[in-house]
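Here the structure is laid out as structure tokens; the discussion comes afterwards.
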Amino acid sequence: MTESTFYSDRVGQGRPRVSEIITSGAWAGITVLIQQRINDGSLARAFPRYDCPDDRGRNTITGTDEEKFLHALKAHVPKLVEPPAPPHEEQDTGSDEIFFGRPSPRAHTQAPTGSPLDPDKVPDIATALDVVDFVALHVEQPSYSKPHSWCFEHTDYSFDAQQANLHFNGGLKPGQEQFQRDVDLLFARNGIAFAIGDDMCVRRLGPPEARSLVSDFRPDTGDPQLDVKLNDAMARFLSRNPLDRRDALEKLWDAFERLKTLELGGDKKKASAEQLLVRAVPGSEPFRELLETEFRTLTSTGNNFTIRHHEHGKHDLPDGSAVDYLFVRLASLISLVLRNTGRMDT
């Protein structure tokens, strides 16, 4: 399925991807996607089960060892395992969900404790996304499977030896791309602004107005140090960590100051910035004056708020939305100047 599978998306009524919260419905969907990978053998290479009575040497994989998988998951995402709620707190007992690896004992009974992937127990955002990261790292579709009914009905799985090296060579292993698409569809349908990147790690999409700006931002300024600063700022801006995004804003402002010296060097910063804008907007004095005003305004913003300077008396940014706004505003200005002066790789 793709995002256009659903009628509401096809007629422009889908939910905008602006939320950075994992809702209860989205979390339940994530647990289903993981259960599917356990059931179809897509986690069996990393966590193999050997139950075939014909294979005394334990070389035939018969599925995913769910116990090993859950032990590894809890070890890598320890915040997923929380102590049970105090006895006085109410427990939700009205759901008949399926638990990982066994039929649900919950029908008409109290919800059991101990399952790290309880679809009704939503973890915090970072923990939920760590779970997706963990599964994305290990998922791999079997290259071959066949039913085997000797002694008991089961399926034998095999994996191409070359598949294991694809991830380390920059490619995706079979099954990873489908998991990437399934998670992206789930997030899109729930309006969640995260996705699995080509490195199979969850990344932040950022605000809608920033997405094409960041994805198409490929500076080629002739100043390697400036290019590094700009690229680093863009990468950090998509981090799930709010501190990384604050750091991205500071790096972008540092790059802005260096950008001003591209034409004439650091000892003639003001004249260099003026010449840069003349090159960027050669045919419109009013628009060039507008950009000059924007240069001055954003320079003042960087000096007066806790972006580049953190002395007493500087103004704090109120929240993450302010960080996003200022980042997009400055990045748009820098992008315009670099494109118009031939310093952006197209």
Side-chain angles (χ1 to χ4, degrees), residues 1-3 17 19-20 22 26-27 29-30 33-34 36-38 42-47 69 72-73 75-80 123-143 159-188 190 192-208 210-220 227-249 251-252 324 327 331 345:
M1 289 192 298
T2 66
E3 197 171 333
R17 295 181 72 170
S19 173
E20 295 187 3
I22 302 299
W27 172 247
I30 290 170
L33 292 180
I34 298 172
Q36 290 173 339
R37 270 67 191 178
I38 290 175
S42 292
L43 292 167
R45 185 197 275 272
F47 308 100
F69 166 74
L73 177 63
H76 286 83
V77 191
K79 288 189 68 177
L80 189 61
D124 63 76
I125 299 168
T127 300
L129 296 179
D130 280 349
V131 170
V132 176
D133 273 343
F134 181 82
V135 176
L137 177 65
H138 292 97
V139 72
E140 182 177 346
Q141 180 180 332
S143 56
F159 296 84
D160 188 334
Q162 294 181 349
Q163 290 180 182
N165 298 322
L166 286 175
H167 181 71
F168 299 101
N169 294 330
L172 298 183
K173 295 180 289 187
Q176 285 187 321
E177 186 175 354
Q178 185 61 53
F179 185 67
Q180 185 184 52
R181 287 198 301 265
D182 289 349
V183 169
D184 190 67
L185 176 61
L186 175 66
F187 284 177
N190 287 272
I192 296 172
F194 292 103
I196 298 180
D198 292 338
D199 58 357
M200 292 306 292
C201 294
V202 175
R203 60 181 177 84
R204 176 178 181 255
L205 294 180
R211 291 170 194 171
S212 60
L213 173 66
V214 174
S215 64
D216 295 337
F217 198 96
R218 295 184 291 273
D220 184 14
D227 290 347
V228 168
K229 286 181 179 293
L230 290 169
N231 287 325
D232 192 22
M234 295 296 156
R236 290 175 184 270
F237 180 65
L238 296 180
S239 169
R240 288 153 41 187
N241 187 340
L243 294 179
D244 286 342
R245 300 200 289 272
R246 284 300 303 261
D247 192 34
L249 188 65
K251 289 183 179 299
L252 189 66
D324 285 349
F327 188 95
D345 185 3

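These numbers come from a predicted model, not from an experiment.
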Gly175 backbone acceptor or donor facing Glu140 side chain under 3.5 Å: no

From CG (Asp130) to NZ (Lys79), nearest 0.5 Å: 9.0 Å

Criterion side chain to side chain contact (heavy atoms under 4.5 Å, CB included) on Asp184 and Ile196, from CA distance to verdict: CA-CA 7 Å; Asp184 190 67; Ile196 298 180; over 6 Å; no

Atom of Ala233, atom of Ala248 and distance for their closest heavy-atom approach: O-CB, 3.3 Å

Side-chain donor/acceptor of Arg245 to backbone N/O of Asp324, under 3.5 Å: no

Point-to-point distance, once rounded to the nearest 0.5 Å, from CD of Gln141 to CD of Gln178: 8.5 Å

Approximate separation, where rounding is to 0.5 Å, of Phe69 CZ and Ile38 CD1: 5.0 Å

Spatial distance of atom CG (Asp199) from atom CG (Asp133) [nearest 0.5 Å]: 8.5 Å

CZ-CG distance between Phe179 and Leu137, expressed to the nearest 0.5 angstrom: 11.0 Å

Exercise: identify the closest heavy-atom pair between Leu243 and Asn241: N-OD1, 2.9 Å

Heavy-atom pair of closest approach, residues Arg211 and Leu205: CG-O, 3.2 Å

Trp27/Val131 under side chain to side chain contact (heavy atoms under 4.5 Å, CB included): CA gap, chis, key distance, verdict: CA-CA 10 Å; Trp27 172 247; Val131 170; 4.2 Å; yes

Shortest non-hydrogen contact from Val139 toward Ala136: CG1-O, 3.6 Å

Side chain to side chain contact (heavy atoms under 4.5 Å, CB included) assessment of Ile30 paired with Val135: CA-CA 10 Å; Ile30 290 170; Val135 176; over 6 Å; no

Considering all heavy atoms, the nearest Gln180-Gly197 contact: NE2-O, 2.9 Å

Parallel, tilted or perpendicular: ring planes of His138 versus His76, cut at 30 and 60 degrees: perpendicular

Exam field: side chain Asn190 to backbone Ile192, donor-acceptor pair closer than 3.5 Å: no

Expected output: side-chain Arg17 to main-chain Phe194 donor-acceptor under 3.5 Å: yes

Ala75 versus Pro78, closest heavy-atom pair with distance: O-CD, 3.8 Å

Criterion side chain to side chain contact (heavy atoms under 4.5 Å, CB included) on Leu252 and Met234, from CA distance to verdict: CA-CA 8 Å; Leu252 189 66; Met234 295 296 156; 4.3 Å; yes

Phe237 and Phe327 aromatic ring geometry - parallel, tilted or perpendicular at 30°/60° bounds: parallel

Those residues that, when tested against Phe217, pass ring pair (Phe, Tyr, Trp, His ring centres under 6.0 Å) (two or more places apart): none

Value rounded to 0.5 Å, distance of CG in Asp244 from CG in Leu249: 13.0 Å

